[in-house]
2 protein chains.
Amino acid sequence: MKDVAQRAGVAVSSVSRVLSGNPDVSPVMRNRVMDAVAALGYEKDLIAQGMRSGATSSVGFMAVDIANPIIAAASAGAIRELRNNGYSLLISSSDGSTELDADYIRSFQLRRVEGLLLSVADEEDVRTLDALEQFTAALVFMDRAFPRNIKASAVVYDHRSGMAAAVDHLLDLGHRKLALINGAPRVRPARERANAVRQAIRRVKEATVVVRGGSYSASHGYDACKTLMGSASPPTAIIVGGNQILQGVMAALVELGLKVPDDVSLVTLDNVPLAEFISPSLACVTRDPVNMGTLGAELVLELINGGTPRTVELPTTFVRGESCAAPRG
Amino acid sequence: MKDVAQRAGVAVSSVSRVLSGNPDVSPVMRNRVMDAVAALGYEKDLIAQGMRSGATSSVGFMAVDIANPIIAAASAGAIRELRNNGYSLLISSSDGSTELDADYIRSFQLRRVEGLLLSVADEEDVRTLDALEQFTAALVFMDRAFPRNIKASAVVYDHRSGMAAAVDHLLDLGHRKLALINGAPRVRPARERANAVRQAIRRVKEATVVVRGGSYSASHGYDACKTLMGSASPPTAIIVGGNQILQGVMAALVELGLKVPDDVSLVTLDNVPLAEFISPSLACVTRDPVNMGTLGAELVLELINGGTPRTVELPTTFVRGESCAAPRG
DNA sequence: CTGAAAGCGCTTACAG
DNA sequence: CTGAAAGCGCTTACAG
C-alpha cells in the first residue's frame, strides 16, 4: 500500500480511502490510485485490515463431523455463498467432543471471525454454552436449539412434517408396532424426530412406537436393532434416524436373516448415493443439505451487516420406497 | 496483554517472551505472568500475532469439491492433525473452476496462511500455475503433479497397483475387451489410471482397452457407457474412474437393460456407503482418504518448520466383488 | 477533498 | 534477565 501511494504520489490514507470505497475522494485521486493498484497488482493485506478494523472477512464453521455427507454438503453451500461476498471460511470438526466444541468457539473468537455457523455436539453442555455467551460475533445455529439469552439466527429443518408423513404411510399400510432407532436426544434433530413420531402415532389408538436414542453410530444401530427384533413383541416397521445408524441396522437385519420389507419395513434418513440400485429401494425422509449451508451463510452475512436475528425453517420430505410394505399376518 | 502486564507488574515485552516460550526468562517472571494470565483468562490475539510475526497458525485447503466424500474425508484428517498442532484450516471449494483455483491461491496468500494443501482442478492451467509461482508459503499437493520449478511436498496415491490388480483379475476371468470410463486427464489420478490400465493390458496380446476421458460427472458416465455399449464391438468389462461417473454408468446400464455381471463386468472406485447391500457386490479399487489429509497436514507442518519438500505415496487396493465374472460366450 | 499522525495487539532487536 | 521503543500494514478521527 505504501508502494501504491508512492507510485500514485499520494498519501497512504488516500489509497486506503479509495480502496475501501469511501465516497469522499475526487475522481482524479481515484483514477491515479487505481492505476497504481493495477500497475503493481496490489491487493490488500487481509490480516492487517482485520487487525486494524476488525473486519477479518472470515466466518467459522463448526460441526460434529465434516466428513458426514450432510455436513460436507452444507459446508459447500456456505463456502460458495461466502465466497461471493468476499468472505473465507474457517472450518472445524469436533468429532463429537464437547470440549473441542468449546475450544473451537474460543479459537474462532481469537481469530476474530466476524461470524460463526455451528452445529454443537451437545446443546446443553455447560462449557459450550459458556463459550457461546462470551462469543461476541454473529452466531447462526444449524439445526440446533439454543437458550433465549443467546442472540443468534438459526436455520432449522422441519423434521416433523417428513417424519409424520412417514408414520402416516406406515400406519396406512397397517403397521401398529413401530420403532425409531434415533440419534442423540441432546440435539434438536433427534428430539424433533422423536416428538414427531410420538405425535403422529396417536392417529391410530392401538399403534405404539418405541424410541431408542443413542449415538449417531453404526454400533448403536446394530445393538438397537438386535434388541428390538429379539424382544417379545418386535416392531413391524423401523424408522432409522441417521446414515451411520442405518449401516448398523442393515447389518443386524442381515445377521438376523430378516428380509425387508417381508419381515420388517424400513424408513431411512437422507438419500444415499446409488440408493436406486439397492434392492428393495429405500423409503426415506430427505432434505436439502446444501441449502442449509447457503441459507446459514446468508443469515450470518445479514447479522454481520447489522440485521436482527431470525430463524428460517427448511422442509423435509417423505419419499416412498419398496422397503415399506404391509406387515405380515 | 497490556492487562496481563499491568496485573503482573511487568512490561508487555516480558509477557510476550513468557507466552512465546522464550528461554531467557526468570522463573519468578514466568510465574508472575502465568498467574496473571490464569487470573484474567487471557489468550493471545492470533490476528495481531499473525500481523507482527507472520505466524498466523493457519493453513489453507483447496479442492475441487469439498462435498465429494473423498475430499471431505481428507479434510477431516487434515483438520484433526492441524488442530493437534495449534493450526486452523481455511477451506475452499473451486467447483472445478480454474479461475477460482487461482483466485483462492491468491486469497490464501493475502490471508497469510503458513501453508496450503491443494488439489487443483487443472494441473496445466496457466493462471493457476502463475498464482502458485507467486505463492510464498509451504505447498503440499494432494494427488496432483506439478512443475519442477515449484518447490512443494506431495502426497499421492499409487493408482497403478490397484488398477493393475483390477485389470489382471479381469484378464484372468477371460475378458479381452475392456473399457475405462475415466475422469479428466488434466489431473494426475485420471492419467495414472489410464496409464496403468494400458500397461497392464499388455500382458495378454489380444486384449484391448478403450479409455474415455471426461469430467467427473454422472452425465459423462452415462454418455460414455451408452456409446461404448452401443458400439460394434462393446467391451465385456468396464472400469469406472469415479463415484459421480459410476452413477451415470449404472443408470445407463439399467436403461440398456444390461445386467452386471451377466452382460458386462464392472469395477468401481472407492467404497460407497451401504455398498454391501447393493447386489451384485461391487468390485472396486479403494484407498484411505482420511490418511491423505492427515499426511498432507504432517507434510505441510514439516515444511513450515523448515523441512525439505518430499513426496509420500499411499497405496490403493483392488477388492474383488460379484460385479466381475467371466464374459459370456 | 487530502495528508500527517495515532493506534489496532502483538514481537523483536536494542540497550542496560 | 528485563524494559522502552519501533514497527508489522492497515484505518480513522483530526486538521487543514
Side-chain angles (χ1 to χ4, degrees), chain A residues 1-37 40-58 86 88 106-114 136-137 304, chain B residues 1-37 40-58 86 88 106-114 136-137 304:
Chain A
M1 185 142 157
K2 224 174 13 183
D3 299 349
V4 175
Q6 197 153 25
R7 187 181 181 103
V10 302
V12 285
S13 45
S14 295
V15 176
S16 175
R17 268 189 291 262
V18 170
L19 291 176
S20 52
N22 189 317
D24 297 346
V25 281
S26 67
V28 189
M29 167 73 86
R30 190 183 311 281
N31 287 336
R32 294 181 62 174
V33 169
M34 293 315 279
D35 286 353
V37 164
L40 297 171
Y42 169 80
E43 294 188 73
K44 247 195 274 194
D45 183 307
L46 293 171
I47 295 286
Q49 174 176 273
M51 164 84 173
R52 176 60 227 248
S53 69
T56 54
S57 300
S58 66
S88 290
R106 273 190 290 270
S107 148
F108 282 131
Q109 176 97 277
L110 294 175
R111 290 195 178 275
R112 303 225 210 125
V113 296
E114 295 184 48
T136 51
I304 289 170
Chain B
M1 184 142 154
K2 222 173 19 182
D3 299 349
V4 174
Q6 195 153 28
R7 186 178 181 107
V10 303
V12 285
S13 46
S14 295
V15 176
S16 176
R17 270 190 290 264
V18 169
L19 290 175
S20 52
N22 190 314
D24 297 346
V25 280
S26 68
V28 189
M29 168 73 85
R30 189 182 311 281
N31 286 335
R32 293 179 63 175
V33 169
M34 292 316 278
D35 286 353
V37 164
L40 297 171
Y42 168 80
E43 294 187 74
K44 247 196 273 195
D45 184 305
L46 293 170
I47 295 287
Q49 174 176 275
M51 164 84 173
R52 176 60 227 247
S53 68
T56 54
S57 299
S58 65
S88 290
R106 273 190 290 272
S107 147
F108 283 131
Q109 176 99 279
L110 294 176
R111 292 195 177 276
R112 303 227 211 124
V113 296
E114 296 183 47
T136 50
I304 289 170

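Here the structure is a predicted model, which means the values were calculated and not measured. So you know, we letter chains A, B, ... as the sequences are listed, proteins then strands, and number each from 1.
- The minimum heavy-atom distance linking A:Val113 with A:Ala137 is given by the pair O-CB, 3.4 Å.
- Residue contacts shown for A:Lys44 are limited to sugar-phosphate atoms, with no base heavy atom under 4.0 Å away.
- Nearest heavy-atom pair, B:Met1 versus B:Val12, reported as atom, atom and distance to 0.1 Å: CE-O, 3.3 Å.
- Residues of residues 45-52 of chain B that place a heavy atom closer than 4.0 Å to DNA chain C, in numerical order, are B:Asp45, B:Ala48, B:Gln49, B:Met51, B:Arg52.
- Residues from residues 3-27 of chain B that place a heavy atom under 4.0 Å from any atom of DNA chain C, listed by number: B:Ser13, B:Ser16, B:Arg17.
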Can you run through DNA chain C from 5' to 3' and write each base as (, ), [, ], | or . depending on how it pairs? Watson-Crick or G-U wobble, both distances under 3.5 Å. |||.||||||||.|||

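- Here A:Glu114 pairs with A:Ala55, A:Thr56, A:Ser57, A:Tyr87, A:Ile304 under the side chain to side chain contact (heavy atoms under 4.5 Å, CB included) rule; sequence neighbours left out.
- Of the possible polar contacts, none joining the A:Arg7 side chain to the A:Leu40 backbone as a donor-acceptor pair under 3.5 Å is found.
- Shortest non-hydrogen contact noted between B:Glu43 and A:Arg106 is OE2-CD, 3.5 Å.
- Sorted by first and then second residue, the side-chain hydrogen bond (donor to acceptor under 3.5 Å, both in side chains) pairs with a member in residues 14-31 of chain A form an empty list; sequence neighbours excluded.
- Of all nucleotides in DNA chain C having an atom under 4.0 Å from a heavy atom of chain A, the first and last in 5' to 3' order are C:dC1 to C:dG9.
- Between atom CD of residue B:Gln49 and atom CG of residue A:Leu110 there is a gap of 10.0 Å, rounded to the nearest 0.5 Å.
- Considering all non-hydrogen atoms of both residues, A:Thr136 and A:Gln109 come closest at OG1-OE1, 3.0 Å.
- Here B:Arg30 lies out of heavy-atom contact (under 4.0 Å) with every strand.
- Between the A:Arg32 side chain and the A:Ala8 main chain, a donor and an acceptor come within less than 3.5 Å of each other.
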Determine whether A:Ser58 and A:Arg111 satisfy the following criterion, side-chain hydrogen bond (donor to acceptor under 3.5 Å, both in side chains), listing intermediate values before the conclusion. CA-CA 9 Å; A:Ser58 66; A:Arg111 290 195 178 275; over 6 Å; no

